[in-house]
Amino acid sequence: MRMTNLFFATLRETPSDAEVVSHQLMLRAGYIRKLTSGVYTYMPLMWKVLKKISNIIREEMDAAGAQELLMPILQPEELWEESGRWQAYGKELMRVQDRHGRMNALGPTHEEIITALVRDEIKSYRQLPVNLYQIQDKFRDEIRPRFGVLRGREFLMKDAYSFDTSEEGLETSYQKMSEAYTRIFKRCGLETRMVRSDSGAIGGSVSHEFMVLTKTASGENDVLYCDTCTYAANSNRAESVMPPAQTDGKFSEAKEAETPGVKSIEDLTKFFGIEPSCICKTLVYIADNKPVLALIRGDRTVEEIKLKNVINANEIRIAGNAEIEELTQKFGFNAQPGFIGPKGIDVQIVGDESIKELKNFVIGINVTNKHFVGANWGAEFNLPKKIADIRLALAGDFCSECDGKLEITKGIEVGNIFKLGTKYSEKMKANFTDENGKEKPFIMGCYGIGVSRTAAAAIERYHDKDGIQWNMAIAPYHAVIVPVNVKDEFQMGIAEELYKRLIEKNIETVIDDRDERPGVKFKDADLIGFPVRITAGKTLSEGMVEIKLRSTGEMFKVLKDEAVSKVVELIKQELCGS
RNA sequence: CGGGAUGUAGCGCAGCUUGGUAGCGCACCUCGCUUGGGACGAGGGGGUCGCACGUUCGAAUCGUGUCAUCCCGACCA
């Protein structure tokens with residue numbers, strides 16, 4: 001490809017509405033342009049990257065025994081009624097009406113379509129198992145699209161669906177997919193962690209997410225992972241074992257104490273000269289419009305998602321100050337926030353495991369400017385009946401599965417795998433006949449990879465101040481040749497010759513034949529992120545060209561006749577190394 | 001849906017308070033000059049100032065409405 005022909009434009013300035021690095025760089029380097037909120041055009045460079053990722057996915061999916069097909073994006077309402085998701089999916093499901101007034105959905109995922117298809121086509125256990133996948137645009141009408149291609153409304157996704165005759169079969173399919181996923185991301189140059197997750201709205205029993213750990217602040221999720229074993233989990237469901245802490249308040253006497261204006265945990269620690277871990281903190285939440293008290297050790301934070309799951313609520317939020325006072329008044333107290341406690345408040349109370357070992361602790365008693373000190377469970381206070389893990393796991397906690405320690409990082413979810421079981425096949429009456437002539441629903445699994453999101457994750461993970469550092473396997477081109485001065489016939493001649501010979505070697509090469517000053521070409525090459533740059537300039541006086549690696553900055557000066565073999569070698573190395 | 005902000009050339013922004021010929025930088029076109037890290041000079045093209053209504057002799061500027069985009073949250077994962 002000649003740079004003078006390539007459809008692209010780099011921007012010197014960062015568009016003001018791009019917040020995260022991948023979004024900024026994709027815009028600046030000419031990979032994407034926004035059409036409307038959450039919807040982007042993939043420019044030629046971007047499309048090359050997406051095709052590379054897609055092809056890696058294809059190779060690994062095919063190798064794992066899956067078959068590619070392509071399903072429509074427009075899906076009739078009836079199928080979604082069958083699964084019950086026309087109602088359940090909510091506003092994220094983009095609904096469109098056709099000229100006859102019939103309703104359709106733009107596919108956010110394809111369980112309904114594939115289940116209906118397989119129901120019609122597969123009748124016997126002899127035809128199973130089968131795993132079908134597609135790489136296709138999905139549409140989800142996100143409330144708030146953001147981060148460019150990381151969380152768009154329209155995005156490229158690979159989705160696969162497995163159909164088995166038994167749970168054991170599903171386990172095998174699931175295992176195969178998890179192995180394929182690990183290989184796929186590795187080949188894209190991305191280290192991923194397989195993270196346990198709730199199956200959530202899609203349903204089913206077991207699911208895992210594949211996360212790219214990014215360190216930068218631009219990841220969407222906090223991920224806690226063990227430094228020793230493979231345990232990793234989203235922070236909103238990570239389990240941990242707390243490290244030892246001072247949990248004995250060492251008050252010699254159990255009594256009410258005056259605590260004027262002492263409201264926060266920090267105030268209390270200062271006032272009494274104790275550790276925050278000697279305090280029982282009481283938080284008021286409103287869950288589905290009903291107040292709930294959450295008790296947790298003073299040095300710990302409640303994870304609202306965990307609390308929500310424990311009490312089986314649909315919606316949860318922290319109560320406002322007015323609501324807290326109102327609550328205390330309802331039970332005959334009149335306490336301000338900061339002095340709340342469980343005693344005498346007859347609502348659902350959930351205690352975090354962290355409060356069990358508290359001794360001689362400090363706790364609120366619903367009297368403004370007073371606390372109770374030297375409290376003990378079973379004496380002055382009763383341990384809540386409901387004790388659960390509702391706490392946010394922290395870096396430095398111990399792993400719940402081994403002796404290791406948890407660390408925290410940001411993560412971007414690039415893939416997920418679900419065991420669906422018979423959730424869809426039962427509702428949609430998708431049955432096969434087993435060995436005994438009995439009708440049974442398919443046992444299903446589904447497996448997604450965000451293709452466009454994977455590209456964004458790769459940029460989030462690998463970039464520097466100058467631009468993108470693509471892994472060789474997914475870079476739009478392998479190499480760029482920069483003739484420093486295109487009007488210098490000698491330089492240009494060498495550059496053209498190298499270009500021809502690299503193309504002959506099947507190296508995907510761009511020649512920057514623009515009549516620009518060298519600074520511009522170097523800046524653009526770095527920004528776009530060509531993994532290998534070959535410069536034909538002043539070193540030609542010694543018969544040499546320069547070869548520079550984008551990822552490491554490593555530079556080689558080689559004789560021009562050796563340039564091609566050196567480039568081929570470097571590219572091979574990088575492709576195998578990943 | 002709640003809170004905040006912004007819509008002026010492809011991009012980044014000024015102008016608006018105090019109404020009177022629509023500006024700057026980058027990008028683009030022409031010529032010259034320059035060629036190892038986003039040069040320089042001269043000339044040029046491109047804007048119904050998001051849209052609608054209103055106030056006014058006159059609106060980018062004031063008022064009302066509306067649409068869009070972005071950020072924080074809720075949601076999703």
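Everything numeric in this text was worked out from a predicted model, so none of it was measured. In what follows, chains carry the letters A, B, and so on, assigned in the order in which the sequence lines appear, proteins first and then strands, with residues in each chain numbered from 1. Computed from heavy atoms alone, side chains included, the values below leave out hydrogens, waters and symmetry copies.
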C1' atoms of B/U66 and B/G25, separation to the nearest Å:
33 Å
Nucleotide N/O of nucleotides 38-40 of chain B paired with protein N/O under 3.5 Å:
unit_1 : atom_1 : unit_2   : atom_2 : d
B/G38  : O2'    : A/Arg12  : NH1    : 2.5
B/G38  : O2'    : A/Arg12  : NH2    : 3.1
B/G38  : O6     : A/Arg28  : NH2    : 3.1
B/G38  : N1     : A/Asp524 : OD1    : 3.1
B/G38  : N2     : A/Asp524 : OD1    : 3.2

Whole Å only: how far is the CD atom of A/Glu92 from the C1' atom of B/A74?
14 Å
Categorize A/Thr539 for me: base, sugar-phosphate, or nothing, with a 4.0 angstrom heavy-atom threshold over every strand shown.
base
Decide, yes or no, whether a salt bridge links A/Arg533 with A/Asp512 under the criterion of side-chain N to carboxylate O below 4.0 Å.
no
Every protein N/O lying under 3.5 Å from an N/O of nucleotides 68-70 of chain B:
unit_1 : atom_1 : unit_2  : atom_2 : d
B/U69  : OP1    : A/Thr36 : OG1    : 3.4
B/U69  : O3'    : A/Lys34 : NZ     : 3.0
B/C70  : OP2    : A/Ser37 : OG     : 3.1

Give a yes or no on whether a salt bridge exists between A/Asp464 and A/Arg550, defined as a side-chain N under 4.0 angstrom from a carboxylate O.
yes
Heavy-atom nearest nucleotide on RNA chain B for A/Leu540 versus A/Ile143: which residue maps closer to 5'?
A/Leu540
First of A/Glu13 and A/Met555 reached from the 5' end of RNA chain B, by closest nucleotide
A/Glu13
Residue pairs passing the salt bridge (Lys or Arg N to Asp or Glu O under 4.0 Å) test with at least one member in residues 16-31 of chain A, sequence neighbours excluded, are A/Asp17-A/Lys34
Between B/U35 (P) and A/Lys521 (NZ): distance, integer Å
13 Å
Hey, does the side chain of A/Arg391 reach the backbone of A/Ser240 with a donor-acceptor pair shorter than 3.5 angstrom?
yes
Atom-pair distance (CG on A/Asp141; P on B/C1), nearest Å:
12 Å
The single option from A/Tyr462, A/Tyr477, A/Tyr31 that satisfies ring pair (Phe, Tyr, Trp, His ring centres under 6.0 Å) with A/Trp470 is A/Tyr31
Let's test this: given Watson-Crick or G-U wobble pairing with both distances under 3.5 Å, identify the partner of B/U21.
none
Please report the distance separating the P of B/A9 from the corresponding atom of B/A5, rounded so that it comes out in whole Å.
22 Å
With a 3.5 Å cut-off and just heavy-atom distances, do the side chain of A/Asp526 and the base of B/G37 make a donor-acceptor pair?
yes
Please give, in whole Å, the distance from B/G12 P to A/Gln24 CD?
12 Å
In whole Å, what is the span from the NE2 atom of A/His23 to the C1' atom of B/C11?
13 Å
Does A/Thr192 reach the main-chain N or O of A/Phe210 with its side chain, forming a donor-acceptor pair under 3.5 Å?
no
Please tabulate, for side-chain N and O atoms in residues 536-548 of chain A, each donor-acceptor pair with protein atoms closer than 3.5 Å (sequence neighbours left out).
unit_1   : atom_1 : unit_2   : atom_2 : d
A/Thr539 : OG1    : A/Met544 : O      : 2.9
A/Ser541 : OG     : A/Lys538 : O      : 2.8

C1' gap between B/U56 and B/C72, integer Å
40 Å
A/Glu142 CD to B/C1 P: how many Å, rounded?
16 Å
Work out how far the P atom of B/G54 is from that of B/A60, and round it to whole angstrom.
15 Å
Criterion side chain to side chain donor-acceptor pair (under 3.5 Å) on A/Tyr424 and A/Arg85, from CA distance to verdict:
CA-CA 10 Å; A/Tyr424 293 90; A/Arg85 289 209 294 182; 2.9 Å; yes
One thing to verify: whether A/Asp515 and A/Lys487 come together as a salt bridge, which I'm taking to mean a side-chain N less than 4.0 angstrom from a carboxylate O.
yes
Across all strands shown, which nucleotide pairs with B/A42 by Watson-Crick or G-U wobble geometry, both distances under 3.5 Å?
B/U30
Which pairs count as ring pair (Phe, Tyr, Trp, His ring centres under 6.0 Å) when at least one residue sits in residues 7-27 of chain A, sequence neighbours excluded?
A/His23-A/Tyr40
For B/G15 versus B/A74, give the span between their C1' atoms, rounded off to a whole number of Å.
38 Å
Going by atom types alone, do A/Tyr225 and A/Thr409 pair a side-chain donor with an acceptor below 3.5 Å?
no
Does the side chain of A/Glu574 pick up a donor-acceptor pair with the side chain of A/Asn471 at under 3.5 Å?
no
Provide the Watson-Crick or G-U wobble partner of B/C1, both distances under 3.5 Å; none if there is no partner.
B/G73
Which base sits across from B/C51 as a Watson-Crick or G-U pair, both distances under 3.5 Å?
B/G65
State plainly whether the residues A/Lys500 and A/Glu496 are in salt-bridge range, i.e. N to O under 4.0 Å.
no
Are the charged groups of A/Lys306 and A/Glu239 less than 4.0 angstrom apart, N to O?
no
Any N or O donor-acceptor pair under 3.5 Å from the base of B/U34 to the side chain of A/Lys487?
yes
Can you check the distance between B/G46 and B/G4, where both ends of the measurement are the C1' atom (answer in whole Å)?
34 Å
Interface residues of residues 546-554 of chain A with RNA chain B (non-hydrogen, below 4.0 angstrom)
A/Glu546, A/Lys548
Check every strand shown and say whether A/Asp515 touches a base, only sugar-phosphate, or nothing at a heavy-atom separation below 4.0 Å.
base
Now, which nucleotide makes the Watson-Crick or G-U wobble pair with B/A59, with each of the two distances under 3.5 Å?
none
How far does the P atom of B/U61 sit from the matching atom of B/C16, given to the nearest Å?
13 Å
If I take atom OH in residue A/Tyr285 and atom P in nucleotide B/A74, what distance separates them, rounded to the nearest angstrom?
12 Å
Spacing of the P atoms in B/A27 and B/G65 (rounded, Å)
42 Å
Whole-Å distance between B/A74 C1' and A/Ile305 CD1?
11 Å
